Amino acid sequence: MTPPWTARVLTLFPEMFPGPLGHSLTGRALEQGLWRLQVRDIRDVATDRHRTVDDTPAGGGAGMVMRADIAAAAIDAAGGELPVIYLSPRGRRFDQARARALAAGPGVTLLCGRFEGVDERVLQARAVEEVSLGDFVLTGGEIAAMALIDATVRLIGGVLGNADSTVEESFAGGLLEFPHYTRPTEWEGLRIPEVLLSGHHGRIAEWRRSQAERLTKERRPDLWRAYLAQAGKKDRAGEAELSDAHTTAATGGQRKDEGDEPDR
Ligand code: 4GY
């Protein structure tokens, strides 16, 4: 039998796993055998009396660096059939497309850094790819590993229910999500936008699209430009297909339309 999609995690803190991945959707999928999690303690490959995994940085400076021989031994002991990713702010950015690509493969081995990071030579010698979740610095790679696994596992066949898969489809469209509402119809004086209560499915779909466009334009000019290029659309106010993105407020008129920030 071919093994299920495999997340292999190399860490100095194996007790952190499965953590959140053992709950809810990913936890159920784990129990159902739709994916598996193999956690390896990096310290297990250390051979000296104190099971040392780090040493002081060459060239001086603060902190400690994970030794190349230790990290390499951990990677080698884990087995070689999966791509190895090192989670670090220096990496190429992780995104939904990458999650989809990983979900389509056999799995991934994730090397979780601690201290100041890992000796550069191990990345080179073991063809480890650095991947970043964003421009911020975590204490270690474990939380980033969990986030990458979570984003990927939910794309494995059979993990998402039909109701959940619409969110992925919507992101695949290149726009941020439109605003969501549920009862009560009025809460703290704030009403659900009238169109959503109209039962008019065509107008609702149109409102949601225009809201998604407005939010993307306001918050993510990078995504907005890609969307315009991809859709072959021109960003000119007054053109019918995009005009609503400029005028329709999400919050029933509470928020003033900031209007015409440049798109860059
Ligand atoms: N940002 N995206 C990230 C991170 C922790 C010290 C190198 C990030 O993915 N990982 O901040 N990782 C650091 C901790 C060693 C990795």
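Small disclaimer: the values here were computed from a predicted structure and weren't measured. As the structure lists them, so they are numbered: ligands from 1, and atoms in each ligand from 1.
Looking at Gly117 next to ligand 1, no N or O pair under 3.5 Å apart turns up. Ligand 1 has an N or O atom lying under 3.5 Å from an N or O atom of Phe136, backbone or side chain. Among the atoms of Gly113, none of the N or O lies under 3.5 angstrom from an N or O of ligand 1.
Among Leu10, Val118, Thr109, Val131, the one residue that satisfies the side chain to side chain contact (heavy atoms under 4.5 Å, CB included) test with Tyr86 is Val118.
The shortest heavy-atom contact between Arg8 and Gly79 is NH1-O, 3.3 Å.
Ion pairing between Arg43 and Asp41 fails under the 4.0 Å rule for side-chain N and carboxylate O. Salt bridge status for Glu206 with Arg209: present, with a side-chain N to carboxylate O gap under 4.0 Å.
Side-chain atoms of Ser132 and Arg93 include no donor-acceptor pair closer than 3.5 Å.
Here the heavy atom of the protein found nearest to atom 4 (C) of ligand 1 is Pro89 CD, 3.6 Å. In terms of protein heavy-atom proximity, atom 12 (N) of ligand 1 is nearest to Leu87 O, 3.6 Å.
Using 4.0 Å as the threshold, Phe115 has a heavy atom nearer than that to some atom of ligand 1.
Contacts between Ser132 and ligand 1, counted as non-hydrogen atom pairs separated by less than 4.0 Å, involve both the backbone and the side chain.
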